[in-house]
Amino acid sequence: MSHAFQQCIHPDCQATFDLRQILTACPTCGSLLDIQYNWDEVAVPKSLKEFEKRWSTRLNPLDFSGVWRFRELLSFPKDEEIVTIGEGQTILQKNDRLASHVGMNPGTLFLQYEGQNPSGSFKDNGMTAASTHARMVGAKITACASTGNTSASLAIYAGVSGLFKCVVFIGSGKIAYGKLSQALDYGATTLQIRGDFDDALARVREVCDRHPIYLCNSVNPFRLEGQKTIMYRILEGLGWEVPDWILVPGGNLGNSSSFGKAFMELKQLGLIDRIPRLAIINAAGASTLDSLVNHKDLQWNDGKNDADLIRSYYDVMDRDDNRASTLASAIEINRPVNLVKALRALTVCDGVVRSVTDQEIVDARAMIAANGFGCEPASGATIAGLQRLRAEGVIAASDRVVCVLTGHQLKDPDLTVAYHMGDPRKRAEKLHPAGVTEFPFANPPIAVDNDVDAIVAALGL
Ligand code: F0G
């Protein structure tokens with residue numbers, strides 16, 4: 001076996017599999033899989049600071065990539081197998097104005113802006129890794145189910161590399177237009193399933209089980225390896241100091257899971273001396289993790305978590321036909337496939353889970369934008385969650401906090417325009433049914449005659 005392998009996360013199983021097997025669950029027990037490394041056989045730098053040297057060799061595409069510049073920490077491919085399109089050129093920015101709005105001290109609040117990726121969301125961090133594995137195993141067709149960003153990312157990697165055809169499964173009427181336009185433009189075969197994301201994911205898994213199509217959803221353990229690097233870049237942005245908190249929106253829980261794994265490994269390798277706390281923020285209309293963790297006491301429990309509890313929760317959800325529903329369409333997911341890995345991340349990171357309403361999400365999103373960072377609604381959940389956790393006293397004003405802004409503002413312009421425009425019909429159509437009735441950050445355009453005096457008057461000059 002090589003220095004890297006796949007392994008079942010269930011403590012009673014822990015079956016291992018070769019890197020070149022295409023798996024999205026353990027064939028023995030059905031649990032999720034991790035990529036594991038024999039670290040003694042990997043030339044991991046002694047200090048994280050050593051990765052900085054690669055800034056001076058950026059003409060090498062692997063050093064240019066914000067994912068593969070950390071390649072020793074995700075060393076499953078050979079260098080020549082890597083599929084990269086320059087992902088991960090993202091930044092950590094201190095935002096004192098936003099900090100003051102949410103009751104944090106100056107110098108404590110940072111935004112990790114993943115909207116800067118080639119396809120406009122954090123997904124590219126994972127898709128470069130999944131595409132690399134797809135190439136390693138000679139896949140010809142890649143596929144995913146998506147609330148929009150995964151499909152945009154999959155399609156861009158297929159389009160730029162020319163290595164694969166790609167098929168994306170989306171729910172009906174459940175995808176923001178910015179994202180749909182990307183999948184169509186990049187040439188993905190796009191299937192609009194009559195159902196929601198949870199249905200689309202169930203169907204794409206069935207199709208990939210039956211046919212030689214490579215699945216790129218976050219049940220793919222290789223994809224999650226790429227997403228670990230978001231955490232490396234945050235540490236880098238803080239001069240390799242560990243923050244007190246990381247806040248991330250929770251949908252399918254791939255990010256949360258990979259962040260937990262990143263910190264677990266860095267600690268094990270002695271590259272950090274402590275692990276930050278993780279806050280996973282659900283939308284109230286898609287709050288399976290919050291319900292199970294905070295109301296049913298579901299815990300990681302060293303991997304021996306209560307599968308019956310999870311099963312009966314889903315049974316009741318099915319019986320009541322309880323569908324996910326939130327304006328933050330990216331995280332409109334009721335059956336998060338990485339639930340169990342997210343429980344592990346919560347334990348590793350002494351984490352918390354909260355849900356926030358759509359009103360809180362759209363206001364937080366608008367507030368982030370008014371302070372210079374455009375992001376989509378799901379990303380707004382982080383600042384809404386921060387406000388909650390500040391109000392509860394869980395996060396202190398002096399804590400150093402990083403919010404991961406997962407997707408770009410232009411992914412969902414309809415919602416932004418409906419929020420700002422003050423058009424009662426648009427608001428009633430889109431926002432009122434979701435319980436959004438207040439618009440404290442609305443910045444509507446001013447209608448004015450085509451006349452200089454009228455314009456000057458409108459400007460109050
Ligand atoms: N934020 C954005 C912008 C997303 O697109 C997603 C997930 C999440 C947060 C949630 O991340 O699943 O790792 O918990 N979007 C997926 C998609 C589901 O299909 O694009 P997660």
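The chain is numbered in sequence order, starting from 1. Whatever order the structure lists them in is the order used to number ligands and atoms, beginning at 1. Basis for what follows: all heavy atoms, side chains included, without hydrogens, waters or symmetry-related copies.
One N or O on the side chain of Asp196 and one on the backbone of Asp198 form a donor-acceptor pair closer than 3.5 Å.
For ligand 1, the 4.0 Å heavy-atom shell contains residues Phe122, Lys123, Ser146, Thr147, Gly148, Asn149, Thr150, Pro249, Gly250, Gly251, Asn252, Leu253, Gly254, Asn255, Ala330, Ile331, Ile333, Glu376, Ala378, Thr406, Gly407.
Taking the six-membered ring where tryptophan is involved, the planes of Tyr113 and His408 are tilted, since the angle between them lies from 30° to 60°.
For Phe222 and Phe76, the gap between ring centers is short of 6.0 Å. His420 has its ring centre no less than 6.0 Å from the ring centre of Phe439.
Pairs of residues two or more places apart, or lying in two chains, that qualify as salt bridge (Lys or Arg N to Asp or Glu O under 4.0 Å) and include a residue from residues 275-291 are Arg277-Asp350.
Ionic pairing of Glu265 and Lys228 is present here: one or more N-O contacts between side-chain nitrogen and carboxylate oxygen are shorter than 4.0 angstrom.
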